[in-house]
Amino acid sequence: MGKLLVNERDIVVPGEEVAEGMDYLPSLGTYRDKETLVSSQFGFVNISGRLVKVIPLSGRYNPRRDDIVIGRVADMTFSNWFVDVDYATEAVLSSKETGEYVQRGTDLSQIYGIGDYIIARVMGVSRQKAIDLSMRGPGLRKITTGRIIKVDSVKVPRIIGKEGSMISLIKEKTGCRIMVGQNGKVWIQGDDLKKERIAVEAINMINEKSFVNGLTEKIKEFLEKELKDVQ
Amino acid sequence: MYNKRLDGRKADELRTIKARVGIVKRADGSAMFQIGKTIALAAVYGPRQLHPKFLQNPKMGLLRCNYNMMSFSGSGERVRPGTSRRSKEISYVTEGALAPVLDLEEYPNTVVDVFIEILQSDSGTRCAGICAASMALADAGLKMKDLVSAVAVGRIDGKLVVDLTKEEEDYDGEVADIAIAITPRTGEITLLQMDGFANKEELAKSFENAKEACKKIWEVQKKALKEKYT
């Protein structure tokens, strides 16, 4: 019989044994060494059925397929853009993936120039971690207004919240348009600059206190208190 | 015979250890490890882009360590700043001590940079550096099989001891100083260096001592990492 050695949401370090026996299966952040499951990452334990996962609490962005990311165009060739998505290597956006017709020989800088920010989807990640981007899909576009802030990519799920509860709370209260990229870049645009600033502060607060319990309530209080002064 | 240690410790007793994680704000992972008067600081950056490009390996990432003693870290004399023969060697063996636990195949074409700074030295700096670096690597969210714990063991004038100080290293008599790094869960040795002489039995006993000591250090490392989020 298998036996769990840790509880759900326990914090574990690399090399810590999390389960015994063949009943539990290693998932992300764990590996099997003979009969034991061992953590391979510094993070908290997540158990779903027989799968044991360790979800990291820190670290850089790890690109995965179908992630929506916010990137900055860093370089271009005749047929590609190279986009900085906060990973070690730059992602490639082909001119065929812009979602609109690009005539051969067009100067690509007329579509996206160096320094432009874009919202894109990760089409695929190769084994060598080469990233392909695509602009085809709803909401994928060049960013021309608003501001972009940086948060830790591991905290993005917390900023979005369960089924988007946290982010829709901030959107609703401040009336801002917000887009959270999986790579930790957040785009915020509001009609009222003061409200936009409050939204930025709220997101930075989540970034710093991501492991506090009942964070949604605290953010709600913070937003209500701050917004009272504005109105 | 060296029966009573100069600082009054038991033969298998470690100096007081303090460890903290997440102290360099701009780094991806960082840690401080203090054992007695020796203080090591480690900061990890990466995985990030690797240049020059010919060093890039499409199959696995590169681990690059840099060990450095601060100019004020010595006991008396100012340490000449910059790379030395000694710091180059220690950087190299530190890489060797940490690489076996890191899953570098997860990070092809990239580099993980580890910077170890010694703020204060009283022997065992390479071991303290390795302990700090392994915590910093974990803090950087990198995939690792295990942590690494390291300690210096040895023999002073016929007596087997753990965690030598500078005073003991310079003891007037025959001294063997063995630096050992161990992956605490599996007990594999990733670093083994020795100054002086020791016979087979003494060496075997020293390994046992080091294993015990590393278990204790491991507990401190685990606690320090977990404290970051409590």
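Chain letters run A, B, ... following the sequence lines, proteins first, then strands; residues in each count from 1. Computation of the quantities below employed the complete heavy-atom set of this structure, encompassing side-chain atoms and omitting hydrogens, waters and symmetry-equivalent molecules.
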Looking only at heavy atoms, which of [range] get nearer than 4.5 Å to chain B?
{"range": "residues 36-61 of chain A", "answer": "A:T36, A:V38, A:S39, A:S40, A:Q41, A:F42, A:L57, A:S58, A:G59, A:R60"}
{"range": "residues 148-156 of chain A", "answer": "none"}
{"range": "residues 64-83 of chain A", "answer": "none"}

Take atom [atom1] of [X] as the centre, draw a 6.0 Å sphere, and report whether it contains more than 12 heavy atoms from other residues, nucleotides or ligands.
{"X": "B:R20", "atom1": "CZ", "result": "no"}
{"X": "B:K226", "atom1": "NZ", "result": "yes"}
{"X": "A:R32", "atom1": "CZ", "result": "yes"}
{"X": "B:K216", "atom1": "NZ", "result": "yes"}

For this session: Give a yes or no answer on whether the side chain of A:Y31 reaches the backbone of B:K145 with a donor-acceptor pair at less than 3.5 Å.
Result: yes
Top contributor to chain A contacts, counting heavy-atom pairs under 4.5 Å, from [options]:
{"options": "B:Q221, B:R48, B:K228, B:M60", "result": "B:R48"}
{"options": "B:G29, B:P58, B:P184", "result": "B:P58"}
{"options": "B:K59, B:Q49, B:E105", "result": "B:Q49"}

Region of [X] that comes under 4.5 Å of a non-hydrogen atom in chain A:
{"X": "B:A138", "value": "both"}
{"X": "B:T183", "value": "neither"}
{"X": "B:L142", "value": "backbone"}

Problem set entry | Salt bridge present between B:K222 and A:E16 (N-O < 4.0 angstrom) | no
For this session: Can you check whether anything in residues 108-136 of chain B gets within less than 4.5 Å of chain A, heavy-atom wise, and list it by number?
Result: B:P108, B:N109, B:T110
For this session: Flag the one option from A:N62, A:D33, A:V212 with the top tally of heavy-atom pairs under 4.5 Å to chain B.
Result: A:D33
Seminar exercise, completed: Smallest heavy-atom separation, A:E17 atom then B:R185 atom, equals OE2-NH1, 3.0 Å
Problem set entry | Partner of A:V13 under side chain to side chain contact (heavy atoms under 4.5 Å, CB included), chosen from B:L225, B:V21, B:D139, B:D146 | B:L225
